[in-house]
Structure formats: structure tokens, C-alpha cells
Amino acid sequence: MTSAWITGFSLSLALIVAIGAQNAFVLRQGLRREHVGPIVLFCAAMDALLIAAGVAGLGGVIGAAPVLTTLLTWGGAAFLAAYGLRALWRARRPGALAAAGAGGLTRRQALAQVAAFTLLNPHVYLDTVLLVGSIGAQQAAAARPAFVLGAASASALWFSGLGYGARWLAPVFARPRAWQVLDLAIGATMLVLAAALLA
């Protein structure tokens with residue numbers, strides 16, 4: 001059981017730490033200190049749900065439905081491209097940005113955006129459902145719950161650290177130039193990810 005937990009934890013952590021759209025959004029919201037708790041909870045809960053579904057066999061169903069994969073790919077690429085262009089537009093006027101200033105997202109808007117980053121990204125399904133899920137499904141039946149718990153623990157730890165740990169960077173992001181660099185990096189990352197999805 002302990003071995004299955006460690007396997008799930010290390011595999012999930014290795015996959016989730018990569019810079020991606022979801023992580024960039026959580027970091028930005030953490031820096032702005034906007035709705036961090038609900039966002040972190042949503043990300044961790046969705047990862048746990050998708051990993052559990054993958055271990056239970058959902059990966060085979062998704063792999064056998066190329067139309068669903070195509071729809072997710074196009075929808076995800078469009079969303080990432082739109083968000084990337086929006087981040088680049090924000091970078092044009094960095095003086096208007098502040099870590100905890102007005103003009104932020106409502107809780108509903110923030111959750112809608114993080115849901116889109118999570119559910120419209122085919123890589124989320126490849127990582128959690130297909131890859132982590134298939135490895136978890138190879139565990140002995142009695143060890144599978146420990147594997148899922150380990151993988152979900154890694155996700156919860158990562159998103160909590162990213163969302164709540166961002167406040168340590170707040171002094172750096174008190175300068176408009178730092179926000180401009182972050183938005184340029186986020187915009188470029190989103191556009192590269194959108195292009196990679198379509199490629």
C-alpha cells in the first residue's frame with residue numbers, strides 16, 4: 001500500500017509540475033490573491049476525480065472515441081489562443097495591473113476560467129486519465145485506492161503551494177514591469193500550447 005501511494009504521488013507530481021496553462025492561471029490568481037482557495041480546491045478535486053476515473057478504466061473509453069479527442073483539441077486550442085492573446089494585450093499596459101487591485105475576476109469567472117483550463121485541455125486527459133490512470137490500473141486491486149490517494153495528494157500539495165506560495169513573490173510583482181514580463185510569458189506559453197495542440 002505504501003509503495004502504491006509513493007508511486008502515485010511521485011508520478012503525479014512529476015507530471016503536474018510542468019509549466020502549463022492551468023499552472024500559469026493558478027500562479028497569476030495566487031499573485032493577485034483572488035479566489036485562491038476555491039481555485040486550488042477545484043484543481044485538486046478535478047485531478048483526483050480524473051485520476052480515479054482513469055484507474056477505473058475511463059482511459060480506454062476516451063482512447064476509443066477519436067471524435068471526442070478532436071473536439072477537445074480544437075476547443076482547447078481556441079481557448080488557449082484567446083487567453084494567450086488576452087495576456088499579451090494586458091502586457092501592453094502593465095501600469096494598470098496590481099497584485100490585489102480592482103478590476104479582478106469574480107469567483108464565478110475565476111472558477112469558469114480554471115474549469116476551461118482544466119477540462120478543455122486534452123493534455124489533462126492524457127496525463128491524468130490515460131497515463132496516470134493506466135499505471136494505476138496495473139496496481140493490484142487492493143493497492144489502487146492508495147495509488148489514487150497518493151496521486152491526488154501530490155496534486156493537492158502542488159496547487160496549494162503554487163496558489164498560496166505565490167504571495168511570497170508579491171514584493172517582486174509590486175512592480176508593473178514584473179506583471180508585464182509574467183503576462184508576456186503567459187501569453188507566449190498559451191499560444192505555443194495552442195499551436196502544439198493543433199500540430
Side-chain angles (χ1 to χ4, degrees), residues 1-66 68-69 72-73 76 80 107 110-170 185-186 189 193 196-197:
M1 293 286 203
T2 303
S3 174
W5 188 92
I6 292 171
T7 301
F9 184 90
S10 57
L11 178 62
S12 180
L13 194 60
L15 290 172
I16 204 170
V17 169
I19 300 287
Q22 187 185 46
N23 285 341
F25 180 75
V26 173
L27 175 63
R28 189 170 203 285
Q29 291 305 111
L31 287 167
R32 293 181 64 87
R33 300 180 187 181
E34 285 182 353
H35 318 298
V36 177
I39 289 170
V40 165
L41 182 60
F42 179 88
C43 291
M46 286 308 302
D47 269 9
L49 182 65
L50 291 170
I51 290 165
V55 171
L58 182 62
V61 174
I62 290 177
L68 179 60
T69 303
L72 286 171
T73 299
L80 290 174
R107 180 179 296 180
L111 288 174
Q113 286 192 21
V114 77
F117 282 124
T118 303
L119 301 174
L120 291 178
N121 184 358
H123 291 295
V124 169
Y125 298 97
L126 290 174
D127 289 348
T128 58
V129 178
L130 295 176
L131 182 58
V132 178
S134 64
I135 291 173
Q138 294 172 12
Q139 303 288 318
R144 288 178 191 164
F147 177 90
V148 171
L149 184 61
S153 298
S155 176
L157 178 68
W158 170 254
F159 285 119
S160 296
L162 189 61
Y164 290 106
R167 69 183 57 204
W168 295 103
L169 296 173
I186 287 174
T189 300
L193 289 171
L197 284 178

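Considering all non-hydrogen atoms of both residues, A4 and Q139 come closest at CB-OE1, 3.7 Å. Scanning all heavy atoms of the two residues, the minimum distance from S10 to T7 falls at OG-O, 3.2 Å. When all heavy atoms are compared, the tightest approach of R107 to P38 is NE-CG, 4.0 Å. Nearest heavy-atom pair, S160 versus V40, reported as atom, atom and distance to 0.1 Å: OG-CG1, 3.5 Å. Nearest approach of E34 to I39, heavy atoms of both residues: O-CD1, 3.9 Å. The two residues A166 and L31 come nearest to each other via the heavy atoms O-CD2, 3.3 Å.
Under the ring pair (Phe, Tyr, Trp, His ring centres under 6.0 Å) criterion, F117 pairs with F25, F79, Y83, not counting sequence neighbours. Taking the side chain to side chain contact (heavy atoms under 4.5 Å, CB included) definition, one finds that A156 meets it with A44, sequence neighbours left out.
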Show me the donor-acceptor pairs, under 3.5 Å and distance only, between side chains in residues 46-58 and residues at least two apart or in other chains.
residue : atom : partner : partner atom : Å
D47     : OD2  : S155    : OG           : 2.8

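Here the side chain of S12 pairs no donor or acceptor atom with the backbone of F9 at under 3.5 angstrom. Side chain of R167 to backbone of G30: no donor-acceptor contact under 3.5 angstrom is found.
Summarising the geometry, atom CG belonging to L119 is positioned 9.0 Å from atom CD belonging to Q22; distances are rounded to the nearest 0.5 Å. With values rounded to the nearest 0.5 angstrom, F42 atom CZ is found 14.5 Å from H35 atom NE2.
Two residues are said to be in side-chain contact when any heavy atoms from C-beta on lie closer than 4.5 Å; F147 and V132 meet this criterion. C43 is not listed as a side-chain neighbour of W158, based on a closest heavy-atom distance of 4.5 Å or more.
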